[in-house]
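Start at 1 with the first residue, then count along the sequence. Just the heavy atoms: all of them, side chains too, but no hydrogens, waters or symmetry mates, feed the values below. Every number for a ligand or one of its atoms is a count from 1 in the order of the listing.
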Amino acid sequence: MKIGVIGGGAWGTALAQVAARGGDVTLWVREGEVADAINATRTNPLFLPGVTLSDAIRATTDAGELHDTEALLVVAPAQHVRSVLSAIDVGTRALVLCAKGIEAGTRLLVGEVARAVHPQAPVAVLSGPTFAHEVAAGKPTAVTLACADAPLRDRLAERLAAPAFRPYASDDVIGAEIGGAVKNVLAIACGVVEGAGLGQNARASVIARGFAEMTRFGLARGARAETLAGLSGLGDLVLTCSSTASRNYSLGVGLGQGRAAAELMADRRTVAEGAFTAPVLREAAAEAGVDMPVTAAVGALLDGTPVAQVIDTLLARPLRHEGL
Ligand SMILES: NC(=O)c1ccc[n+]([C@@H]2O[C@H](COP(=O)([O-])OP(=O)(O)OC[C@H]3O[C@@H](n4cnc5c(N)ncnc54)[C@H](O)[C@@H]3O)[C@@H](O)[C@H]2O)c1
Ligand SMILES: O=P(O)(O)OC[C@H](O)CO
């Protein structure tokens, strides 16, 4: 199975490196200088510095060069998945969504966006605790690979698997997507706890209560609890809520220090998906009648509400039962 990768950021490049262990890979990238650097120097200095890429990866800015691939890993940022996919003749080839987020305006998960743009294409989701630089370095990593079509899922898993890259099969596509989208917002919240100096107890509480709200939202959208408690949900939540290697957590640290979201987001070339997901997740939760106080707090901070006021509002909420 020849693999195409759409998106030459850190994660697209790392996944191209994973797929290149099993054969040739065509990597579509948006920036000409990134394609040139990959083909000429076997590096992506803009988005994944310090990694020597496989000779089996060919980078291009011409989506037409994806024509001979059988499956496409979609790794553009969530807000750009629609425009990027609209420019590609996908047909009935499998689309493996690897971005984590919810589209603003439509409130669609990226898999739902893919189905809307290419209704003939089968959809899978690859998600989990996966810092790109660790995957590219060959460090042991496990992911959820969710797809309703079991034979296709097995073929994809066999094609991408390696001793240090273990896909775990699931048929809960929506659950895998919701975990990845929501954890980015919760990672911002954990960064705020760090930036505001609120302590380790508070961070653990945000992880646990954040997981409760991820689960409430997921169940309301038809996800299964076991998926949310797996690699793509709790696993990724723990990773990104614990490390400044997470762009979302780092953004939260800045917000917690009282810096403005606009200042923190200005001129950045890398994506912190939680900043785009938080407002749309807040809307989706309200629409579904799901209480998501941590998400609401992150949304308020991104809107410019002072950090002390946001924390006071969270802590002043009425006492409640711990269950969902
Ligand atoms: N980096 C990771 O460790 C990691 C791991 C798992 C999942 N992801 C997810 O993968 C997705 C891509 O993230 P990344 O880390 O590879 O990106 P990145 O931050 O490394 O790079 C930014 C990407 O955005 C693209 N981009 C910018 N403007 C664009 C536009 N107008 N249209 C289309 N593309 C545009 C750039 O070409 C580049 O590919 C995100 O949803 C992210 O949450 C990232
Ligand atoms: O750097 P972040 O916060 O975008 O996290 C990257 C991945 O999603 C971790 O699994």
Please determine if [X] and [Y] form a salt bridge, counting it only when a charged side-chain N lies under 4.0 Å from a carboxylate O.
X	Y	answer
Lys100	Glu177	no
Arg159	Asp154	no
Glu103	Arg82	yes
Arg107	Glu283	yes
Asp291	Arg317	yes
Asp68	Arg93	no

May I ask you to identify the nearest protein heavy atom to [atom], giving residue, atom name and distance to one decimal place in Å?
atom	answer
atom 3 (O) of ligand 2	Ser246 OG, 2.6 Å
atom 25 (C) of ligand 1	Pro77 CD, 3.7 Å
atom 39 (O) of ligand 1	Gly9 N, 3.0 Å
atom 12 (C) of ligand 1	Val75 O, 3.3 Å
atom 20 (O) of ligand 1	Ala10 N, 2.8 Å
atom 1 (O) of ligand 2	Arg247 NE, 2.6 Å
atom 5 (C) of ligand 1	Thr130 O, 3.0 Å

Please indicate whether any nitrogen or oxygen in [X] is less than 3.5 Å from any nitrogen or oxygen in ligand 1.
X	value
Val84	no
Phe47	no
Glu273	yes
Val271	yes

Could you tell me whether [X] and ligand 2 have an N or O pair separated by under 3.5 Å?
X	result
Asn184	no
Tyr249	no
Val271	no

Counting each atom of ligand 2 from 1 as listed, which ones have a heavy atom of Lys100 under 4.0 Å away?
-> 7 (C), 8 (O), 9 (C), 10 (O)

Atoms in ligand 2 flagged as close to Leu239, the criterion being non-hydrogen separation under 4.0 Å = 9 (C), 10 (O)

Taking all heavy atoms of [X] and all of [Y], pick out the closest pair and write down the distance.
X	Y	result
Ala76	Val84	CB-CG2, 4.1 Å
Leu109	Ala181	CD2-CB, 4.4 Å
Val34	Leu46	CG2-CD2, 3.7 Å
Pro306	Leu301	C-CD2, 4.4 Å

I'd like the name of whichever of [options] reaches closest to [atom] through any heavy atom.
atom	options	result
atom 16 (O) of ligand 1	Trp11, Phe131, Phe276	Trp11
atom 36 (C) of ligand 1	Glu31, Arg30, Arg268	Glu31
atom 5 (O) of ligand 2	Thr240, Leu231, Asp236, Ile188	Thr240
atom 1 (N) of ligand 1	His133, Arg247, His80	Arg247

Taking atom CZ of Arg166 as the centre, does the number of heavy atoms from other residues, nucleotides or ligands within less than 6.0 Å exceed 12?
-> no

If you count the non-hydrogen atoms of other residues, nucleotides and ligands that lie under 6.0 Å from CD in Glu263, is the total more than 12?
-> yes

Looking at [X], which atoms of ligand 1 are within less than 4.0 Å of one of its heavy atoms?
X	value
Ala132	1 (N), 2 (C), 3 (O)
Gly8	39 (O)
Thr270	19 (O)
Ala99	41 (O)

So, does Cys98 sit close enough to ligand 1 that a heavy atom of it is under 4.0 Å from the ligand?
-> yes

Heavy atom of Arg269 under 4.0 Å from ligand 1?
-> yes

Can you name the one residue among Leu302, Val253, Leu255 that meets side-chain contact (heavy atoms from CB on, under 4.5 Å) with Leu264?
-> Leu255

With respect to Leu85, which candidate in Ile6, Val110, Val113, Leu72 satisfies the side-chain contact (heavy atoms from CB on, under 4.5 Å) definition?
-> Ile6

Whether Gly128 lies under 4.0 Å from ligand 2, heavy atom = yes

Report yes or no: does Glu273 have a heavy atom closer than 4.0 Å to ligand 2?
-> no

Are side-chain N/O atoms of Thr61 and Arg30 paired as donor and acceptor at under 3.5 Å?
-> no

Using only heavy-atom distances, determine whether the side chains of Glu213 and Thr295 contain a donor-acceptor pair under 3.5 Å.
-> yes

Which of Thr277, Asn248, Asp236 passes side-chain hydrogen bond (donor to acceptor under 3.5 Å, both in side chains) with Asn184? It is Asn248

Using heavy atoms and a threshold below 4.0 Å, how should the contact between Lys183 and ligand 2 be classified: side chain, backbone, both, or neither?
-> side chain

